[in-house]
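Owing to the predicted nature of the structure, the values given are computational and were not obtained by experimental measurement. When a residue number appears, it is its place in the shown sequence, counting from 1.
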Amino acid sequence: MSVSISRASIRPMRFLLLSDIHNNLRAVEKMRAQESNSFDVLVVAGDIGSDCTHQIFDVLTTFKCPVLYVYGNWDHKLSYDASFGDVCHHLHLSPFESGPITFAGFSGCTAGWGQNPEAQRLHEEVNVAHSEIIRSLDSAKNEEKRAASLIEDEYTASVDALTTTSRRSLSQRKLKALDADRQRKLAALSKIAEDIRGADAYGLYLGQLSSVSEEVLTRNRRSLSEMLRQVETPRERTVVVTHDRLAKTQTDFAGVPVFLFGHRHGFAETNYQGAKYINVSALDLRRTVRPKVFSRGDHWKQFRNINFGNYAVLEWDQSAGFNVTRIPLDLDLDWQEHWELETVIHMPNAPFLS
């Protein structure tokens, strides 16, 4: 089913494109400060982040236009039917019309399926088919955990007993003997689970499990292709959005002029066989910097991050078709006066410089 917001005269359109936010609310706020309310649609090509999703959408919806999105591997905690506001629309196999342009896509592809319905169904089928070996392994792991706790308690009690009864400090020889006995017992515990993992039945289970992602992608591609055949919008005015880049698009999506994606963490526009493949990522692109002169105190606390992220604007008009422009996040041009890029250490959780 399509959601229509305008079927009026064909006019030029502007679309704001984001991807790979990675819970970086500050980057979203910075992007928002750079842009005015001049877009027909905002599109997020996945990796919003599962930790501050509502806060991120609260900022995005201030653009006063529809917010379309798909999920990526950072969004594995998010339900496919979650609501982030009346103007927000999950594109997973659910097209959206914005005037003359239709956006369509699916979530997952191919990095981390999260709660993708096809993935959940297929995983359940595999788990049911191999329930016996799964139960055996779970039982062995639970027993291993229970027995390991008893062994650790026994070890601690033995050390405490020696400490209480000995008038002298404990010899390293006695402590090593106790620890060696503990390690021997723990190693014996893990053998049962290791034997199960080495069984042919478990190998067959892993083999079928590894094929799930490929089958999920196949099923979602097929569903999207069938859905697009039912959409009234001409193919030349259709945009497909996924988190990772689709391959062999001429097989299932011939005639689609634009494919939007992220995941690759570097903006790129590629033209191939009449279609544009636009990697809009990443809004969250942190680079660690260090002060040129460290202050006294803990040096580790003096590292900072600068966001070198970007987003993009996609424009369309009836005569020129689709054109995309990369837009970097504004940087404080004076940062290099006191800071320099750290080339060895990456500290993504360090505070932002500005």
Side-chain angles (χ1 to χ4, degrees), residues 1-3 17-23 43-54 56-57 60 67-85 88-96 102-131 134 205-231 238-249 251-253 256 259-265 277 279-282 284:
M1 180 180 69
S2 298
V3 180
L17 312 179
L18 313 176
S19 187
D20 295 81
I21 298 170
H22 303 151
N23 294 310
V43 181
V44 185
D47 273 11
I48 305 156
S50 299
D51 297 334
C52 56
T53 321
H54 284 278
I56 288 171
F57 275 101
L60 298 183
V67 178
L68 315 181
Y69 61 95
V70 296
Y71 288 153
N73 45 296
W74 277 66
D75 309 318
H76 59 94
K77 297 179 184 178
L78 302 178
S79 169
Y80 273 42
D81 58 1
S83 175
F84 301 108
C88 300
H89 181 80
H90 189 188
L91 280 176
H92 180 70
L93 301 177
S94 178
F96 189 100
T102 288
F103 292 86
F106 59 89
S107 288
C109 176
T110 54
W113 292 105
Q115 299 183 42
N116 180 282
E118 291 289 355
Q120 289 185 325
R121 279 193 289 270
L122 285 169
H123 277 111
E124 180 63 20
E125 290 175 10
V126 173
N127 288 339
V128 168
H130 298 275
S131 58
I134 294 172
Y205 163 66
L206 291 181
Q208 292 189 7
L209 201 61
S210 66
S211 67
V212 166
S213 291
E214 184 177 348
E215 179 61 21
V216 171
L217 176 58
T218 298
R219 292 189 184 189
N220 280 293
R221 284 178 63 112
R222 184 187 307 127
S223 296
L224 180 60
S225 179
E226 292 172 353
M227 184 191 69
L228 288 178
R229 282 196 288 269
Q230 301 174 21
V231 172
T238 300
V239 177
V240 168
V241 186
T242 52
H243 179 53
D244 198 3
R245 176 172 174 166
L246 286 175
K248 300 179 180 179
T249 56
T251 302
D252 298 313
F253 311 109
V256 172
F259 295 87
L260 303 178
F261 61 96
H263 188 56
R264 311 275 175 123
H265 296 186
Y277 298 84
N279 176 11
V280 302
S281 62
D284 172 53

Among His76, His90, His243, find the residue that satisfies the ring-ring contact (aromatic ring centres under 6.0 Å, His included) test when tested with Tyr71.
His90
Do the side chains of Arg121 and Glu124 get close enough for a salt bridge, i.e. N-O under 4.0 angstrom?
no
So Leu246 and Val240, do their side chains get closer than 4.5 Å, heavy atoms only?
yes
Between Asp47 and Asn73 (side chain of the first, backbone of the second, donor and acceptor by atom type, cut-off under 3.5 Å), is there such a pair?
yes
Flag, side chain of Ser225 to backbone of Arg221, donor-acceptor distance under 3.5 Å
no
Atom pair CG/CZ of Asp20 and Phe261 - distance to nearest 0.5 Å
10.5 Å
Check: Phe96 ring centroid to Phe103 ring centroid under 6.0 Å
no
Is there a side-chain contact between His123 and Leu209 (heavy atoms, below 4.5 Å)?
yes
Can you classify the ring geometry of His263 versus His265 as parallel (below 30°), tilted (30 to 60°) or perpendicular (above 60°)?
perpendicular
So, taking the atom named CG in Asn279 and the one named OG in Ser19, what distance separates them when rounded to the nearest 0.5 Å?
7.0 Å
Can you give me the closest heavy-atom contact between Val67 and Leu60, atom names plus distance?
CG2-O, 3.9 Å
Using the benzene-type ring in the case of Trp, are the ring centres of His54 and Phe84 under 6.0 Å apart?
yes
Interatomic distance, His22 atom NE2 to Asp51 atom CG [nearest 0.5 angstrom]:
12.0 Å
Which pair of non-hydrogen atoms, one from Val231 and one from Pro95, has the smallest distance, and what is that distance?
CG2-CG, 4.1 Å
Value for CG (Leu93) from CG (Leu224), rounded to nearest 0.5 Å, stands at 6.5 Å
Euclidean distance, Asp284 CG relative to Trp74 CH2, rounded to 0.5 Å:
6.5 Å
Please find the pair of heavy atoms, one from Gly49 and one from Asp75, that lie closest to each other, and give the distance.
N-OD1, 2.7 Å
How many angstroms lie between atom CD1 of Ile56 and atom CD1 of Ile21, to the nearest 0.5 angstrom?
5.0 Å
Val280/Leu18 under side-chain contact (heavy atoms from CB on, under 4.5 Å): CA gap, chis, key distance, verdict:
CA-CA 6 Å; Val280 302; Leu18 313 176; 5.9 Å; no
Closest non-hydrogen atoms of Val70 and Ile48, given as atom of the first, atom of the second and distance, are O-CD1, 4.2 Å
Correct closest heavy-atom pair for Thr242 and Asp244 would be OG1-O, 2.7 Å
Less than 4.5 Å apart, side chain to side chain, heavy atoms only: is that true for Phe106 and Ser223?
no
Is Val212 close to Glu125 at the side-chain level, that is, under 4.5 Å between some pair of heavy atoms?
no
Heavy-atom pair of closest approach, residues Tyr69 and Ala82
OH-O, 3.7 Å
Salt bridge (charged side-chain N to carboxylate O under 4.0 Å, His left out) between Arg219 and Glu215: does it pass, once the steps are laid out?
CA-CA 6 Å; Arg219 292 189 184 189; Glu215 179 61 21; 3.0 Å; yes
